[in-house]
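Heads up: the structure comes next, in structure tokens.
All chains are named by letter (A, B, ...) in the order of the sequence lines, taking the proteins before the strands, and each is independently numbered beginning at 1. These numbers come from the heavy atoms of this one structure, side chains and all, not from hydrogens, waters or symmetry mates.
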Amino acid sequence: MGIRLYNTLTRRKETFQPLSGREVKMYVCGPTVYNYIHIGNARPAIVFDMVRKYLEYRGYNVFYVSNFTDVDDKIINAAKELGEEVPVLAERFIQAYFEDTGALRVEAADLHPRVTETMPEIISFIEALIDKGYAYEAEGDVYFSTQSFEDYGKLSSQSIHDLQLGARIEVGEKKKNALDFALWKAAKEGEIAWKSPWGYGRPGWHIECSAMVKKYLGDTIDIHAGGQDLAFPHHENEIAQSEALNEQKMANYWMHNGYIQIDNEKMSKSLGNFVLVHDIIQKHSPEVIRFFMLQSHYRSPLNFSEELLDSAKNSLERIQTTVNNLKHRHKESAGFGKAGQWAEAVQQHKHTFIQEMDDDFNSANGISVLFDLVKLANRYLQENHTSKDILQAFLDTIREIGKALDIKVETAEEILDEEIEGLIEERVEARKNRNFARADEIRDHLKEQGIILEDTPQGTRWKRE
RNA sequence: GGCGGCAUAGCCAAGUGGUAAGGCACGGGUCUGCAAAACCCUUAUCCCCCGGUUCGAAUCCGGGUGCCGCCUCCA
């Protein structure tokens with residue numbers, strides 16, 4: 001069957017077929033680096049990181065490129081406000097981006113090109129568009145003429161006619177048509193600028209992605225992705241630029257993630273309801289945030305609240321607890337019984353996981369299969385005699401699924417200091433002698449230090465709160 | 001005005017023709033010295049509303065209601 005994914009371009013789920021064998025070229029629109037990222041920015045980072053890792057799990061080699069917009073109006077304004085140089089500010093937030101997304105288990109792209117490092121390619125791209133008659137210069141600006149590109153609107157399924165009715169024209173703009181967009185903007189007095197055939201200036205927002213895709217991935221790529229709001233106009237404009245110049249399809253599959261909402265409203269600066277990753281991970285573990293996001297389908301809108309994060313934390317702990325319990329029993333079980341119903345059931349769950357994930361990266365269903373497997377494992381753990389091999393099969397499969405989604409299915413093993421170890425020993429003795437007062441005293445004392453004790457038929461265990 | 005999305009239990013969330021996954025929370029039970037963890041049971045006769053198609057629809061069609069987004073920088 002293979003992988004099927006929803007293509008915004010055709011508005012259908014399609015069988016995924018890369019251009020070249022098992023090689024996948026993937027481009028994800030990255031952030032404008034003028035602030036710390038908010039959880040809305042985190043969603044595409046997490047979701048497409050999951051897509052990448054799942055493709056790799058399924059045997060594809062993914063070449064993943066994601067840009068940094070490191071010069072534009074927002075950055076210039078932020079730099080002005082903070083009295084900082086544009087490149088310094090951009091660099092600072094690029095590093096912050098890596099820290100925040102790293103905490104969310106997002107793997108760095110193979111390449112993270114920046115606008116400021118792609119200037120020659122951007123300029124020659126624009127020159128070529130002018131030569132082909134798709135763009136025109138106007139007093140130091142260069143605009144793309146949308147009317148000259150026949151397919152304009154195909155991604156967002158809008159007609160040029162309808163778009164024009166809704167378009168706003170700002171006073172003083174130099175473009176000929178309301179829908180035309182800037183490829184190059186002439187510099188204002190004192191602004192950071194690059195030399196070009198049209199004078200000093202800087203690129204418009206959309207051209208960078210077209211230039212970077214062409215430079216690093218080629219004229220046609222497999223997957224181009226980003227947030228839903230980028231479909232129009234950003235991706236529409238990218239298509240216009242790239243396909244006008246290359247006369248080839250820019251990307252075979254366009255993927256767009258749904259929005260994060262707060263109280264069912266879009267997160268935005270004007271509403272003042274945005275949550276920075278930098279802040280939220282002080283209170284909630286980034287692993288929980290990742291798990292939370294993957295618990296719903298990437299295209300659905302996703303409401304965000306701290307209560308939902310708390311609930312997700314409990315869910316994730318259910319998995320981690322089971323893995324812990326499997327590990328404990330594994331240590332003290334003998335190795336026999338590789339085959340049989342339990343082993344078959346484990347295998348079956350793995351296949352179901354793949355089946356669900358193959359269907360448009362349905363991580364919500366993938367995770368529910370993981371919970372089914374956890375339940376099965378817990379049932380197995382109720383048995384009086386367990387086999388090391390079966391326990392290993394459970395552990396392997398849970399870890400494998402965990403890795404495919406890159407969610408944290410197990411907690412790090414720690415070593416307790418001798419004093420605490422001694423107290424646990426003392427409590428075991430106390431319980432043997434039915435001195436429950438002392439036993440409870442020790443348990444309460446350790447709880448204050450964040451250590452939870454559990455008495456099982458196989459002995460006393462501990463875990464961190 | 002144009003384009004698009006969403007509406008499923010207290011909460012979150014799958015499911016796009018075959019008779020409602022999964023998680024959190026709640027209640028009852030088992031286990032336990034008591035707990036914790038886990039297991040078992042219970043929890044939507046029903047999927048925003050009204051029509052229609054069908055042997056059969058949460059799922060398809062028509063109409064309506066509510067909410068959200070894009071069309072301006074935005075993940």
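Formation of a donor-acceptor pair under 3.5 Å by the D151(A) side chain with backbone atoms of K154(A) is not found in this model.
Across C24(B), G5(B), G33(B), the shortest atom-to-atom separation from the side chain of P301(A) is found for G5(B). With distances taken from any side-chain atom of E454(A) to the nucleotides A75(B), G2(B), A37(B), the minimum falls on A37(B). With G4(B), G23(B), A75(B) as the choices, the nucleotide that has an atom nearest any side-chain atom of R11(A) turns out to be G4(B). Comparing A25(B), C40(B), G22(B) by their nearest atom to the side chain of R379(A) picks out C40(B). Out of C71(B), A21(B), A38(B), the shortest distance to the side chain of Q382(A) is found at A38(B). Set against G23(B), A38(B), A13(B), the side chain of A364(A) has A13(B) as its closest nucleotide. Among the nucleotides C24(B), A75(B), C73(B), the one closest to the side chain of K74(A) is C73(B). For S368(A), whose side chain is taken as the heavy atoms from C-beta onward, the closest listed nucleotide among A13(B), G69(B), A21(B) is A21(B).
Between K375(A) and the phosphate of C40(B), there is a side-chain N or O to OP1/OP2 separation shorter than 4.0 Å. Between N362(A) and the phosphate of G15(B), there is a side-chain N or O to OP1/OP2 separation shorter than 4.0 Å. For the OP1/OP2 pair of A37(B) and a distance below 4.0 Å, the side-chain nitrogens and oxygens of N325(A) include no atom meeting the criterion. Dashed line: the shortest gap from a side-chain N or O of R318(A) to OP1 or OP2 of G23(B) is under 4.0 Å. N41(A) has a side-chain polar atom (N or O) that falls below the 4.0 Å cut-off from OP1 or OP2 of A75(B).
A cation-pi arrangement is present between K74(A) and Y34(A) under the rule of less than 6.0 angstrom and at most 45 degrees off the ring axis.
No hydrogens or angles were tested; on distance alone, nothing pairs the side chain of N314(A) with the base of G23(B) as donor and acceptor under 3.5 Å. A donor-acceptor contact under 3.5 Å is formed by the side chain of D455(A) with the base of C34(B). You won't find any donor-acceptor pair under 3.5 Å spanning the side chain of Q228(A) and the base of G69(B), going by distance alone. At a cut-off of 3.5 angstrom, counting only N and O atoms as typed in the model, there is a donor on one side and an acceptor on the other between the side-chain of R443(A) and the base of C34(B).
When heavy atoms are screened at a 4.0 angstrom cut-off, D73(A) is found touching no nucleic acid atom at all.
As rounded to the nearest Å, U45(B) and U19(B) have C1' atoms that lie 11 Å from one another.
A salt bridge links R431(A) to D455(A): at least one charged side-chain nitrogen sits closer than 4.0 Å to a carboxylate oxygen. Salt-bridge annotation for D73(A) and K185(A): present, with a side-chain N of the basic residue lying under 4.0 Å from a carboxylate O of the acidic one. Salt-bridge formation is detected for the pair K283(A)/E306(A): a Lys NZ or Arg NE/NH1/NH2 atom is positioned less than 4.0 Å from an Asp or Glu carboxylate oxygen.
Pair check for A25(B) finds none; no Watson-Crick or G-U wobble contact set falls under 3.5 Å.
Aromatic stacking is marked for F436(A) over G33(B), as both cut-offs hold: 5.5 Å for the centres and 30° for the planes.
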